[in-house]
Amino acid sequence: MGFDSFLGNPQAVAAVREMLAIGRVPGALLFTGPEGVGKKTLALMMAKALVCERGGADFCDQCARCRKAEQMLASTREDLARRRESKDSARRVEGLVYFDLQLLEPLTKFILTEQIRQLRAIAYTRPFEFPRRIFILDEAQSIHWQAVDLLLKVLEEPPETTSFILVCPNSFELRSTIRSRCMRIAFQPVEQALIQELLARERKLTGPQKALAVRVAAGSVARARTFDPAEYERRRQPWLDFLEATARRGAPGATTDWRLVFDSARALAENRDDFEGTLKIGYSLLSDLLHILLNPAADAVVNVDLAARLKGWAPKLTLSGIEKLKAGLDQAYRLQIRNVNPQLGFETLGIEMLSGRESSSR
Ligand SMILES: [Zn+2]
C-alpha cells in the first residue's frame, strides 16, 4: 500500500512526497491533467498521508486515522449520491456536515454556492478528529460562478489547519485569481507500457482486444479499467456501415446503398444519453483515416483491429471527403446541443457525401 501502489505520473507522486517529507504542504494545491489518470486518487492518498499516525511521507492504510479517513470518504460518497438524487433544490443542500477529510463534488452541474458557503464556515474552525482538515474539490471548474468569490476569499486568507486540493482537468477553466492562489501539480497521460501491464494484470482480454484497449485508453487508467471491447465494437459498427457506404461511392460499377446510409444514421443517433461517446468513436475513426493518408508510417491508429479495412477506405474517401465527414460530425454535435435529433444531421451528411454535393451551411 502507500504511494507505491499509485500507477504512473512519477513526477506528480514525487512532488507530493517531497512536500510531505519536508513538511511544507501549501494551503492550496491544484491537480490538473487529463481524465482518468488518478488526480483524485492521488489527492486522497495525500490527504491520508497528511493525517497517518505513522507520519513521514507516506500512509499505511492500517492505522486508526487511515481507516477513519476511509470511513469519512465512504460516508461522503453516500451523502453525495443521496443529495444528487434529490429533486428539491433546498433539500439538496440541507444540513451539510463536513468531515475533517471532505470530498466536494458537483451536486448538480455545479458545485453549489451552499457547498462553498459551508466550506468557508468550517475551514477556520479546529478539526474534530484529525490534526488537520483536508478539503478536496473535485471538478473544481464546476464551482458555481456565484461561489467563486467566496472560495477566493478563503484561499486569500488561508486557514491554519485546513488544506485544499482542487482537482480539475484544465487549469485554464478556473478563474486566474483562483489558479494563482494554488500550487499546481500537472499530470500526464499514463505510459502505454504501464497501461499494458495493468490490462494484463486486471483484465481478461485477448491479444487483439488488449491492443485495442491500450489505444482507446490513450493513457487513461480509468478507461483501461472500464473498456468493454464488445460494447465498443457494437457502437462502432454503424460508423463502419456509414463509412463503407461512403467509401464505395465512385467505385466503378458501384451502386449507392441508401439503406445502409439511413440505417446507420438512425443507429448513430440512437444513444442520446451518451451521444458524445458515439461521436468520440466517429472522430477516432476519422482521425485514423487521416493518419493513414497523411502519415502512414506513424503507427498512430487507434482502431488497430481495423487497420487493413481503414487502409482500403482512406484513399477512396480522399482528404477532402474525410474533412467533410469531420465537419458533419461537428454539425451533429451542435444539433445535439440544441436538442435536435442528430439523425437528421447524419442523413444529410450521407446524402451530401454520396451525391457529391457541397455541404450546405446551416
Ligand atoms: Zn496510517
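Start at 1 and go down the list; that is how both ligands and their atoms are numbered. Starting from 1, each residue takes its place in the sequence as its number.
- Around the Zn ion (ligand 1), protein N, O or S atoms at a distance under 2.8 Å total 4; waters are neither shown nor counted.
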Extract all donor-acceptor atom pairs below 3.5 Å that involve side chains of residues 103-113 and protein atoms in other chains or at least two apart in sequence.
| unit_1 | atom_1 | unit_2 | atom_2 | d |
| --- | --- | --- | --- | --- |
| E105 | OE1 | R84 | NH2 | 2.7 |
| E105 | OE2 | K40 | NZ | 2.7 |
| T108 | OG1 | F110 | N | 3.0 |

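- Side chains of T32 and R184: a donor on one and an acceptor on the other come within 3.5 Å.
- If you take NZ on K326 and CG on L289, they are separated by 14.0 Å, rounding to the nearest 0.5 Å.
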Apply side chain to side chain contact (heavy atoms under 4.5 Å, CB included) to S171 and L30, showing your working.
-> CA-CA 8 Å; S171 65; L30 171 59; 3.9 Å; yes

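- No salt bridge links R83 with D88; every basic N to acidic carboxylate O contact stays at or beyond 4.0 Å.
- Relative to the six-membered ring of F128, R133 meets both conditions, a distance below 6.0 Å and an angle of at most 45° to the axis.
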